[in-house]
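Throughout, a chain's letter reflects where its sequence line sits, starting with A, and its residues are numbered from 1. Basis for what follows: all heavy atoms, side chains included, without hydrogens, waters or symmetry-related copies. Predicted model only: the values in this text are computed from it and were never measured.
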Amino acid sequence: MKKIEAIIKPFKLDEVKDALNSIGVQGMTVTEVKGFGRQKGHVELYRGAEYDVSFVPKIKIEAVVPDNMADKTVSLIESRAKTGKIGDGKIFVSSVAQVVRIRTGETGESAI
Amino acid sequence: MKKIEAIIKPFKLDEVKDALNSIGVQGMTVTEVKGFGRQKGHVELYRGAEYDVSFVPKIKIEAVVPDNMADKTVSLIESRAKTGKIGDGKIFVSSVAQVVRIRTGETGESAI
Amino acid sequence: MKKIEAIIKPFKLDEVKDALNSIGVQGMTVTEVKGFGRQKGHVELYRGAEYDVSFVPKIKIEAVVPDNMADKTVSLIESRAKTGKIGDGKIFVSSVAQVVRIRTGETGESAI
Amino acid sequence: MRPLIGLLIILSLVLSAGLLFAEDQVQKTNPPSQAEQHAAAQPASAAAAPAPKLDTGDTAWMIVATAMVMLMSIPGLALFYGGLAKRKDSLNTMAMTFVTFCIVSLLWIFYGYSFSFGADIAGLIGGGEKLLLRGIGPNSISDLAKTIPEYIYVVYQLTFAAITVALASGAYIERMKFSAWMLFTILWFSFVYIPIAHWVWGGGFLARIGALDFAGGTVVHINAGIAALVGALILGKRNEKALMPGNLTLVVTGAGLLWFGWFGFNAGSAVAANGIAGAAFINTNTATAAAAVSWMLVEWIHSKKPTVLGLASGAVGGLVAITPAAGFVNITGAIIIGMAAGIIPFFAVAMLKPKLGYDDTLDAFGIHGVGGTLGALMTGIFADPSINEGGKGLLYGNPGQFLTQLIAVGTTVLYSGIVTAIIFMIIKAVVGLRVETEDEIIGLDESQHGERAYNL
Amino acid sequence: MRPLIGLLIILSLVLSAGLLFAEDQVQKTNPPSQAEQHAAAQPASAAAAPAPKLDTGDTAWMIVATAMVMLMSIPGLALFYGGLAKRKDSLNTMAMTFVTFCIVSLLWIFYGYSFSFGADIAGLIGGGEKLLLRGIGPNSISDLAKTIPEYIYVVYQLTFAAITVALASGAYIERMKFSAWMLFTILWFSFVYIPIAHWVWGGGFLARIGALDFAGGTVVHINAGIAALVGALILGKRNEKALMPGNLTLVVTGAGLLWFGWFGFNAGSAVAANGIAGAAFINTNTATAAAAVSWMLVEWIHSKKPTVLGLASGAVGGLVAITPAAGFVNITGAIIIGMAAGIIPFFAVAMLKPKLGYDDTLDAFGIHGVGGTLGALMTGIFADPSINEGGKGLLYGNPGQFLTQLIAVGTTVLYSGIVTAIIFMIIKAVVGLRVETEDEIIGLDESQHGERAYNL
Amino acid sequence: MRPLIGLLIILSLVLSAGLLFAEDQVQKTNPPSQAEQHAAAQPASAAAAPAPKLDTGDTAWMIVATAMVMLMSIPGLALFYGGLAKRKDSLNTMAMTFVTFCIVSLLWIFYGYSFSFGADIAGLIGGGEKLLLRGIGPNSISDLAKTIPEYIYVVYQLTFAAITVALASGAYIERMKFSAWMLFTILWFSFVYIPIAHWVWGGGFLARIGALDFAGGTVVHINAGIAALVGALILGKRNEKALMPGNLTLVVTGAGLLWFGWFGFNAGSAVAANGIAGAAFINTNTATAAAAVSWMLVEWIHSKKPTVLGLASGAVGGLVAITPAAGFVNITGAIIIGMAAGIIPFFAVAMLKPKLGYDDTLDAFGIHGVGGTLGALMTGIFADPSINEGGKGLLYGNPGQFLTQLIAVGTTVLYSGIVTAIIFMIIKAVVGLRVETEDEIIGLDESQHGERAYNL
Ligand SMILES: Nc1ncnc2c1ncn2[C@@H]1O[C@H](COP(=O)(O)OP(=O)(O)O)[C@@H](O)[C@H]1O
Ligand SMILES: Nc1ncnc2c1ncn2[C@@H]1O[C@H](COP(=O)(O)OP(=O)(O)O)[C@@H](O)[C@H]1O
Ligand SMILES: Nc1ncnc2c1ncn2[C@@H]1O[C@H](COP(=O)(O)OP(=O)(O)O)[C@@H](O)[C@H]1O
């Protein structure tokens, strides 16, 4: 099984989530994170003075999927999270050795 | 070494944590996350109108353990986090190549 | 590619981040987490009574780097996040199978 | 910058039109404005129309009452609305009330007071003789408030004007451009609030036919509520339609400050520290409590849980409904009005809104429009001459009063509805109404102000 | 739904019992209620018992004082308690104060005012002649407040009743069913607050023996504090016993609003804008400041750090302790009472509570019970007849006063303690006291109201 | 513990010095203090110096005004500053205002009132005859406030002293030791606030030369602003220099409460419920609104977006600038002062500060120092004798007034600047000024108080 971890722009969350649901990825876990990258935070102007906010608010989506779903999932996230502007984010894929569904005790792909 | 990542119901945190401590898993890192899954968020009723809150608040526990502790840890979490009701969550296990304890510079299993 | 995950003391974030930038690690994702470990939370004294706060606020830095940067990154984080006092935190290294940059569709090391 | 320039141009146009009109009026001599609503609130002995003479007790009360009504806007309403808005829109929501209070504070001094409370012209509008408070000094006393400095009366009335405009914002938030809102403030205040305030309180035609409105059921709540409805319809629906309160602790705080300030609003409308003020005070508290409890109970039955938001919404509903009645009804009347105000607005919000499908974000229509109408009509039923000889309702043998109330409500609904629609069309043409969809999703705090409410 | 029905039944029972009893009483003629506590607060010249006549200055002050005490409950106490509660219980905590204010507002009009301040019956309870405010109109003036409209006096006293009940909630939060709390409000208000208010302020037997209680040491604070202790014991401990304040900025805000409103509470208890009000005002501010500083210093020594919560807790402790003394003691007395009120409640909370092991979540007993007792007794020591001829303490040659204070305190503790216990038993039988453990862990906001305080 | 001991020692030294000095003074007989600023605010008829006689209306107003100014500190300023501080420093910021209000409340009773408002000694300081309020009782009335209880006047003046000290904290937060701040409060209050208050309001030499300061432009705002600047320079820069408001909803709430309370501050400075109070009230509201709007517009042009913080900052700037002028200028003057107060402080903050490089965290100098100076000077220009015969500015044919204002401003700047610097040196020697860098990075809430604002 693969864990797909995507760092995206917050306002794309709903679109990405709905797309994943539509191809059968039902489960995912979402975290609010601070992103540092090429997109350089932003300048806030308080009382006329500029302050650098070095991070950008981002959303991390984690979804564990069966191996055969991984590519499809990645390319779907890619297409939906894309605005073409800097800061669109990254997708990381890594292996997961085991999955357990707590409620039922199922393991492996059937537990996803 | 293995990383055990468990998504559980928030009110189960204390129970799971105490259980892990009791078998010698001292270190863990906890994050507040939003879960999307079979458990379908909930309906909030504000001023008589229904609004879907699509996510469910969940807790993510991450604990890196020596290989020989992994199974025990997983089954312990499983038993303690279980309520038998939908939304009990998932446990993901993956490999960790290296661990460093920052304070001492120790590496590998002794660093955990 | 490797994912470097470091749990550090919050007030060390700026120092670590600047150091990573200086060796060319531009991208990273930061999460506020609660740490449980040898450092035992703290005692809060409200109205003269002691209350254990079992966790310690920590910062999790995640940075995916090319394989050849991994060691350098780890040892840099180690040196900058260190205070020598308990609770300095941990660094975990694991493998990442694939990386995609959403904006451009680049993959692999060039996407980092 | 573009919207800013648009704004400034409109402002100058309104201003110069006002001043020209005023110059014209000042020439003519106008008879003193009719004894009106508030005068009716004075005890019988005042009927002999004594010479105006400052009373320190009345002045003390009205200074404080004015400050209390100011507090209703900032931070009262700003908190109530700001806490109900989505987190990402909370500052923008607060800014709407804040900027409106400031703009109206200035325009009221420039021309608002004069056109509302200046000498009546044909029952329609006040004269221009008090533009920029011409002729008013520390020793001036208005015929409408014979025991306090006119300066205090000016600001007291100002605070009513400001909150009325701000109330409408509840229906527009989470999607309206900030510049559009400022333009709305200028135009709606000038062309809707001022005339209606004159009709009811400034000696205009609704005062003459004897419409009862103790502290602002028509002028404030129905007026704002209709503007809310019409504006929400023209603005259209938000991208994310849910009510997702960002911070309910702010809502409770705001509700508490509104309740507190409303004593200044209602009991202050007696314009004196007397028994009528006492009656308005006790009626206000009683109706509010009754409405909060009845909203909570209805919600408990209807939606299975009593919510804190329900308690707060019911309280505001009760405050709204008792406003026109506060100095006219007895305690039984207050309890009945309060109970109705917890139930009828609840159903307006919970049943009517989904059916009709307009997107009134914070139910400014459901609570202020519906609650205000309820209160205005029930005043015509329950006004008890033994409380205030200035008002006699259907139950006390004067069915005509109910009709008069209907006329006042109808006139307000029609006028406010039509002119609000026209104003929205103008704004659409000048600066546009809505922010871009992406800006709406990102949140108006960020997109309109470059700020975030919390860095927690 | 089930608890709701239980509630409604109890409410009707209480109501009908009250009304029946009243019918009975109204027949008999009662002598006018004794000059009482507040009358003593009037300056000497008032002793000649002038005919009641409205004074606009006194009225202005008392209208505002009433609004200020209302503000102490919503949002003052709601914020103070709501911010101290765990995040997941903060709305429920605020709702407890909110709903109590509303329920008491209605019951006070129905029968509370009459049974507290109606014509005295055997020193034990007021008569039923003022049920539903029968006979009171805009021109009515009470013998107990001879210069202001009775309507204002009614609501002024109402705000005291409401906050007293709400204060007790601090000991019960984070585990009590919302329906149980509402039932508690109805029963405790009816069977504990009303009689004690009558005994001390309504011409009852404690007034007759000369117990001094300027603004509510026994009636409000000891009374609520004992109810807090007894209730906490019966409810039992919370699942997570820590005090884990969800939002200390709310606590500071609440403390500030309490301090502000308390000027209405204490200085307003002079029922006039006069020198006694001035004395009560300056004593209140001084004792509060002294208590905040002394709590902070003791905490600094005891726990190594001065906390913001300590400052706020000390301030509230000072406000509580000076309450019965405010219009009786001189400035030195105020400083001493204040300093004691920062130290003794601190140790009650920090040492006594852990030893005795009861789980009084927000220290309603430690602060209000202990602080109130302290204040009531020290009033018997420091009451200075040159400040207010109505009170002469031990230090000024009247050791009997201290004894009288002891009797008043003892009576209140006993009566409040016993009846509170009985009421808790009834509630347990009717709707049950505590939420399920899982609901407690999830939080009462979610489980009782289906709401979350923050969507941040 | 160490800093605590240091603090206590200093406190005893200050106290005993004060008492010794007082003993000395009480011997001599002093002429009654000069009619001063506030007397000038009375209408002409008062010039005949009638015998002091309590007026219930004036008393009602001044009791409430006093409570309103108290509210400006806690929670008003505490919220305004606390919300602007970084999240990790917000409680410490609130604690600074809180503890200052408490400490000053006590010291004012001990010796502050006497040395400020006691019989004048050589134009420099008040006498010691009123230490610990000796000789003041419920029936006392001060010559400076002839219709209200002296007790109220004492606390009214106290609230001014407390907020002045607290204002300076805005420049020091996010790095100053809590013990150092407490020591600053004691010393600065004693050696800077008291003498300047005496000079301007207590019959001292600035009163005699005729400096106009209706409600505290020099005494409060310039004074605090200069202390802010000097202190910020000596303290040095913070580790993280950004302004990163932790919670802007608190800032809006605080700004609203400040606005509300400021009516007590400015209109209360008439010390009566009269037309001057009315003028001060309307001028305050108008200038504030003008400043908020003009700050917002300038910011919109300069920084491309109108911010909520800008609206709030402009409002505070307007409140500051109108303070010395409130009871002297006419409405046009108020509008002009307000507009200037939205623009000039903006540039002081946005342009001057970065250029000069001092780290005034919350712009206490930029807003209070600059805004106060602006207001003090413009009072010399716009004071209109037809509003208040006590003040005649340059525009009304009295250019000397502008010079007098310059002298008053200059004296305040010099004296406050020099003595503040000395006090900072003493504090540095006794307890040290700044926290450790690590403690600064971790946040002062944790390091100074062991608390966190939010457990969300
Ligand atoms: N190497 C990395 N490791 C972890 N997270 C990264 C990495 N690079 C980028 N990110 C995350 O992706 C976000 C977007 O990256 P950024 O460089 O700003 O834009 P883009 O992806 O368009 O090049 C960053 O804010 C950060 O959260
Ligand atoms: N494939 C997945 N990847 C990541 N997280 C998941 C996945 N499936 C479920 N989760 C997490 O587990 C939580 C519980 O899953 P859910 O489907 O609601 O119930 P259950 O585990 O009982 O079947 C979800 O809210 C989500 O946070
Ligand atoms: N086995 C582990 N798995 C995951 N996180 C851990 C583990 N051990 C420690 N941590 C994280 O590292 C932090 C620091 O660990 P701690 O044991 O307190 O100190 P030290 O690293 O100095 O020994 C913890 O608060 C926790 O967040």
Side-chain angles (χ1 to χ4, degrees), chain D residues 1 4 8 54-61 63-64 66-68 70-71 73-76 78-79 82-83 90-92 94-95 98-99 101-106 109 132-133 136-140 148-152 154-155 158 178 247 250 253 273 445 448-456, chain F residues 43 55-61 64 68 86-87 147 244-249 252-257 259-260 263-264 267 272-279 281-282 285-286 288-290 292-293 296-297 300-301 303-309 311-312 315 330-332 335 386-388 454 456:
Chain D
M1 284 302 297
L4 184 52
L8 292 175
L54 192 138
D55 175 284
T56 58
D58 290 348
T59 301
W61 164 228
I63 293 178
V64 181
T66 304
M68 286 167 81
M70 177 266 149
L71 190 74
S73 290
I74 322 176
L79 285 169
S90 53
L91 286 180
N92 174 253
M94 296 177 104
F98 204 123
V99 82
F101 191 88
C102 295
I103 293 176
V104 171
S105 283
L106 296 174
I109 302 295
L132 250 172
L133 308 191
I136 305 179
N139 299 316
S140 308
I148 67 170
E150 182 160 9
Y151 275 149
I152 294 299
V154 172
V155 192
L158 178 168
F178 191 59
N247 190 338
L250 301 185
T253 310
D445 290 2
Q448 300 295 292
H449 308 287
E451 290 172 297
R452 263 164 310 144
Y454 310 98
N455 284 303
L456 293 181
Chain F
D55 175 286
T56 59
D58 291 347
T59 301
W61 165 227
V64 181
M68 286 167 81
K86 298 194 175 79
R87 172 187 48 162
T147 56
M244 183 59 63
N247 190 338
L248 281 169
T249 68
V252 175
T253 310
L257 292 176
W259 192 331
F260 171 76
F263 291 128
N274 59 17
I276 296 290
F281 196 109
I282 201 167
N285 194 68
T286 305
T288 304
V293 170
M296 184 191 70
L297 293 180
W300 206 335
I301 294 164
S303 323
K304 306 289 169 296
K305 294 210 168 168
T307 64
V308 177
L309 177 56
L311 274 169
N330 57 35
I331 200 79
T332 315
I335 292 170
S386 78
I387 295 293
N388 185 330
Y454 310 98
L456 295 181

field: Evaluation steps, side-chain contact (heavy atoms from CB on, under 4.5 Å), between D:Leu71 and F:Leu257
entry: CA-CA 7 Å; D:Leu71 190 74; F:Leu257 292 176; 3.8 Å; yes
Heavy-atom distance under 4.5 Å to chain D: side chain of [X], backbone, both or neither?
{"X": "F:Ile387", "answer": "both"}
{"X": "F:Asp58", "answer": "both"}
{"X": "F:Val252", "answer": "both"}
{"X": "F:Thr59", "answer": "neither"}
{"X": "F:Ile335", "answer": "side chain"}
{"X": "F:Tyr454", "answer": "side chain"}

Which heavy atom of [X] sits nearest to which heavy atom of [Y], and what is that distance?
{"X": "D:Tyr151", "Y": "F:Gly275", "value": "CD1-O, 4.3 Å"}
{"X": "D:Gln448", "Y": "F:Lys305", "value": "O-CD, 3.9 Å"}
{"X": "F:Trp259", "Y": "D:Met70", "value": "CG-CE, 3.4 Å"}
{"X": "D:Leu54", "Y": "F:Ala273", "value": "CD2-O, 3.6 Å"}
{"X": "D:Ala60", "Y": "F:Ala60", "value": "CB-CB, 4.1 Å"}
{"X": "D:Ala67", "Y": "F:Phe260", "value": "O-CD1, 3.2 Å"}

Once rounded to the nearest 0.5 Å, what's the spacing between atom [atom1] of [X] and atom [atom2] of [Y]?
{"X": "F:Thr249", "Y": "D:Leu79", "atom1": "OG1", "atom2": "CG", "result": "7.0 Å"}
{"X": "D:Arg452", "Y": "F:Leu248", "atom1": "CZ", "atom2": "CG", "result": "9.5 Å"}
{"X": "D:Phe178", "Y": "F:Thr307", "atom1": "CZ", "atom2": "OG1", "result": "9.5 Å"}
{"X": "F:Met68", "Y": "D:Met68", "atom1": "CE", "atom2": "CE", "result": "9.5 Å"}
{"X": "D:His449", "Y": "F:Leu311", "atom1": "NE2", "atom2": "CG", "result": "8.0 Å"}
{"X": "D:Glu150", "Y": "F:Ile282", "atom1": "CD", "atom2": "CD1", "result": "9.0 Å"}

If you count heavy-atom pairs under 4.5 Å with chain F, which of [options] comes out on top?
{"options": "D:Ser73, D:Gly57, D:Ser105, D:Gly82", "answer": "D:Ser105"}
{"options": "D:Thr253, D:Ile136, D:Val99, D:Leu133", "answer": "D:Val99"}
{"options": "D:Ile109, D:Ile152, D:Ile74, D:Ile63", "answer": "D:Ile63"}

- request: Let me know if D:Leu91 has heavy atoms under 4.5 Å from chain F in its side chain, its backbone, both or neither.
  value: both
- prompt: For D:Pro149, is it the side chain, the backbone, both or neither that has a heavy atom under 4.5 Å from a heavy atom of chain F?
  reply: side chain
Do you know which of [options] has the most heavy-atom pairs with chain D at a distance under 4.5 angstrom?
{"options": "F:Val64, F:Val293, F:Thr286, F:Asn285", "result": "F:Asn285"}
{"options": "F:Ala315, F:Ala255, F:Pro245", "result": "F:Pro245"}
{"options": "F:Pro306, F:Ser303, F:Ser386", "result": "F:Pro306"}
{"options": "F:Arg87, F:Met244, F:Met296", "result": "F:Arg87"}

